[in-house]
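Scope of the values below: all heavy atoms of this structure, side chains included, with no hydrogens, waters or symmetry mates. Note on naming: letters A, B, ... go to the chains in the order of the sequence lines (proteins, then strands), and numbering restarts at 1 for each one. Predicted model, so just to flag it, every value in this text is computed and none were measured.
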Amino acid sequence: MAQAINQALRRVPAWPIYLLGFAWIGALFYRGATGALGPEPVEALEHAYGELALQLLIAGLAVTPLRKHAGINLLKFRRAIGLMAFYVLIAHVLVWAVLDLQSVARVWADIVKRPYITIGMAGFLLLVPLALSSNNLSIRKLGGATWRRLHRLVYPAVILGALHYVWLVKGFELEPLLYAGTIGVLLLLRVPRSRRLATA
Amino acid sequence: GGFGAIASPALAQDELEPNSLEDITSYNNFYEFGTGKNDPARNADALETADWRVTVDGLVDNPGEYSLEDLIGGLTEEERIYRFRCVEAWSMVVPWRGIELADILDRIGVQDGARFVAFETAVQPDNMVGVRRRVIPFPYVEGLRLDEARHPLTLMATGIYDQPMPNQNGAPIRLVVPWKYGFKSIKSIVRISLVEEEPPATWNIINPREYGFYSNVNPNVDHPRWSQATEREIGGGLFAPRKPTLMFNGYEEEVASLYEGMDLQEFF
């Protein structure tokens, strides 16, 4: 089963992830601008982009456990998934800063005064060096070991992203907790492996 | 309430451009029907409003189970175009139809010693998907100080535009207190109690640090998680500029005297 999937995936290129990702960002924006997202399109866009970014980050985190535990190899898609997560996150941050808050002063005040914004922004900033180094040249220049260590920043970043979501809702809502739980499981799946490596 | 009492708010309303019925009925917070803004529009069809009863109890001369006809029949119905400001920093303008709460209070006969009015929303577990999910404690409860309840701006609304109250907006009868954050304006009311002590209020129970009993619209007192200085006007589209939030949501002239001498930072 896993082998058949790997066999089939071998012929699938990674570039459609970018194509679909950007098309989705654009289509959603168009729908917002033309009233198809309801009477409050700014909030709708903010939430949709933020949620997709989190979903893509989760997809990126799932690559290694899938290979380890299910034998399904999605490694060749991981860079595209991770970069697309970052691009969608840029769209999320831009909608928040430009269309929602509309002023540098308000953006800064929110980052400084609102903990859920502070941690969201921290998560975003942690991903910047990862996005900048998601290319073959950087891997060569940094060396595999350093590059891998640097890219462990995705763990704190995605935890901050999940907290950001849990923290912003009113009342007891299931969805942000499901995201946080999924991320928790995907991170826990890594623990025994790193322990094994540490004792090797 | 006499006409004189509402003359100034009525004048202030002249410049208000009401949102479309579509906006007003498709962007709602009504957690009994889900937490998404379009969940109530999708799910509130199931609300059973036939033969609606409102229990009136506490310090009143005429307690009992009222039909809507008994509660408001014969009272003066008016259109009131009010700003509606949500604690989430968005706003719209709604042309309500309704009766002044003061008129209902006169009908049920408020006794000496009553200092607050408590309200309760219907709980219909079979019809309310959000109630089954328990996102917040139900029934939803709210309250006003008696002088707030008697203020001529305070409305018990039964319709929007020329429609009976849409289910997602709190059919068949709801409170509208235009100078307070929207969650104070409790929907689909089944109980009105006159009480001596400050009654519980749902969001205040859930998170007293974030939601005070008064919850007057106040651009100078931020919600701990976001600023209340400005607001987004619903229906303005993607590129609408934020608007400064007005003290008491623009009704300062009418209601500021209710809070004379009170520290609004402390009693937020």
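For B/R242, the parts sitting under 4.5 Å from any heavy atom of chain A are the backbone and the side chain alike. Looking at B/S20, there are no atoms closer than 4.5 Å to chain A (heavy atoms on both sides), in backbone or side chain. Heavy atoms closer than 4.5 Å to chain A are found nowhere in B/P137, neither backbone nor side chain. For B/E233, no part sits under 4.5 Å from any heavy atom of chain A, backbone or side chain. For chain A, no part of B/A229 is nearby; none of its heavy atoms comes within less than 4.5 Å. Of the atoms belonging to B/N19, not a single heavy atom falls under 4.5 Å from chain A. Only the side chain of B/D222 comes within contact range of chain A, with heavy atoms under 4.5 Å apart. At a 4.5 Å heavy-atom cutoff, A/L174 makes no contact with chain B through either its backbone or its side chain. Contacts of B/Y211 with chain A are made by side-chain atoms alone, with heavy-atom separations under 4.5 Å and no backbone atom involved.
When the heavy atoms of residues 34-46 of chain B are compared with those of chain A, the residues falling under 4.5 Å are B/T35, B/K37, listed by number.
The closest side-chain heavy-atom distance from B/Y27 to A/E43 is below 4.5 Å. Side-chain atoms of A/R106 and B/T230, non-hydrogen and from C-beta on, do get closer than 4.5 Å to each other.
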side-chain contact (heavy atoms from CB on, under 4.5 Å) between B/F239 and A/L99, worked out: CA-CA 6 Å; B/F239 308 104; A/L99 296 181; 3.5 Å; yes
side-chain contact (heavy atoms from CB on, under 4.5 Å) evaluation trace for B/L238 with A/V95: CA-CA 9 Å; B/L238 263 188; A/V95 168; 6.0 Å; no
side-chain contact (heavy atoms from CB on, under 4.5 Å) between B/S227 and A/R114, intermediate numbers included: CA-CA 9 Å; B/S227 167; A/R114 323 272 166 214; 3.6 Å; yes
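Annotation: A/Y30, atom OH; neighbour count of heavy atoms from other residues, nucleotides and ligands within 6.0 Å does not exceed 12. Counting non-hydrogen atoms of neighbouring residues, nucleotides and ligands closer than 6.0 angstrom, the NZ atom of B/K243 reaches no more than 12 such neighbours. Atom CZ of B/R132 is surrounded by more than 12 heavy atoms from other residues, nucleotides or ligands within 6.0 Å.
Contact record, A/V42 with B/G237: CG2-O, 4.3 Å, taken as the closest heavy-atom pair. A/E173 and B/Y31 make their closest contact through OE2-OH, 4.4 Å (heavy atoms, listed as atom of the first residue, atom of the second, distance).
How far CD of A/E40 is from SG of B/C86: 11.0 Å, rounded to the nearest 0.5 Å.
Without hydrogens or angle criteria, B/R225 side chain to A/V169 main chain gives a donor-acceptor distance under 3.5 Å.
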